[in-house]
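Below is one structure, written out as structure tokens; comments come after it.
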Amino acid sequence: MKIISNPYELKKYLNGTSQSVGFVPTMGALHKGHISLIKKAKEENTFVVVSIFLNPTQFLKGEDLEKYPKKDEADKKICEIAGVDVVFFPHAKDIYTPDEASILAPNVRGYILEGASRPGHFNGVLSIVMKLLHIVNPTKAYFGKKDAQQLNLISLMVKQFFMDVEIIAVDTMRESDGLALSSRNIYLSQEQRKEALKISVSLYEASKMVSKKELHTTTIIKAMREQLAPLEISYVEIVNRGFEPIEAVEIGNTIILVEAKVGDTRLLDNIWL
Ligand code: PAF
């Protein structure tokens, strides 16, 4: 496995390959969710690149950039064991320069839900993903369904900017009790971890309501809010796959999303129906 920090060196290295390149962008602190992305990339491509870059521009002032878990050596080991060909491990100074052109998230889709809780967050996400895709120039890039809005915005960006890469959505990995895997789970105390289970349980109960033919989104959202209490809820929303609010669940075209705070930790989860 090769570790490359310089973007130009990586571009040069990859220019020589005629193989299909699968790309998994990450911010490090790799867990089983990331490994499932890498596995899928390996199944579908002959060459796999993983980037590890804690992207400062997607954190708002006062968020957890400084305390975000950093496990560089363990991450490299995980990549090696998972059979990654190249780890791209850049320094912020090689990625960003002062006073540069930037990508802005769409005015509506980028500022609802997660974008309303974290205004400007998706500008940072789209900017770094755009840069990484230009550096790696992959055949396919892999993103988790857990960050459903991020996935939607990236898929839109790639289309709208006529970029030649296929965006692949990968199912959320969960602990055996249902908690969605996240690098931020590490912040939870034992007690908070138990509280956090309300999130996946509320989604599971919502899907049970749907299977019993309760399709009205207001009814489902109300039941979920009751289940999530007393957690501090940022949003519970039901949208179609285009991220437009809907009045009734449409099987095959619906995502139910939750963001709630457990202690100081914001946790996201969703279910695709
Ligand atoms: O999902 C993440 O880990 C990040 O938002 C991403 C896509 C790697 C961009 O920094």
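Read the numbers this way: they start at 1 and go in the same order the structure lists the ligands and their atoms. We use all heavy atoms of the structure for the numbers below, so side chains are in, but hydrogens, waters and symmetry mates are not. Owing to the predicted nature of the structure, the values given are computational and were not obtained by experimental measurement.
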Just list the N/O pairs, ligand 1 to protein, that are under 3.5 Å apart, with the distance for each.
residue: ligand 1; atom: 1 (O); partner: Gln150; partner atom: NE2; Å: 2.8
residue: ligand 1; atom: 5 (O); partner: Gln58; partner atom: NE2; Å: 2.9
residue: ligand 1; atom: 5 (O); partner: Gln150; partner atom: OE1; Å: 2.7
residue: ligand 1; atom: 10 (O); partner: Gln58; partner atom: OE1; Å: 2.6

- Query: With the threshold set at 4.0 Å, does a side-chain nitrogen-carboxylate oxygen contact exist between Asp177 and Arg193?
  - Reply: yes
- Message: For Glu195, give me all partners under side-chain contact (heavy atoms from CB on, under 4.5 Å), at least two apart in sequence or on another chain.
- Response: Lys198, Pro230, Leu231, Val262
- Item | Partners passing side-chain contact (heavy atoms from CB on, under 4.5 Å) against Asn55 (at least two apart in sequence or in another chain) | Met27, Phe53, Thr57, Gln58, Tyr96, Ile128
- Message: Once side-chain contact (heavy atoms from CB on, under 4.5 Å) is applied, do any residues pair with Ile81, and if so which ones, sequence neighbours excluded?
- Response: Lys77
- Message: If the threshold is 4.0 Å, N to carboxylate O, is there a salt bridge linking Asp64 and Arg184?
- Response: yes
- In terms of side-chain geometry, is the basic nitrogen of Lys222 or Glu226 positioned less than 4.0 Å from the acidic oxygen of its partner? yes
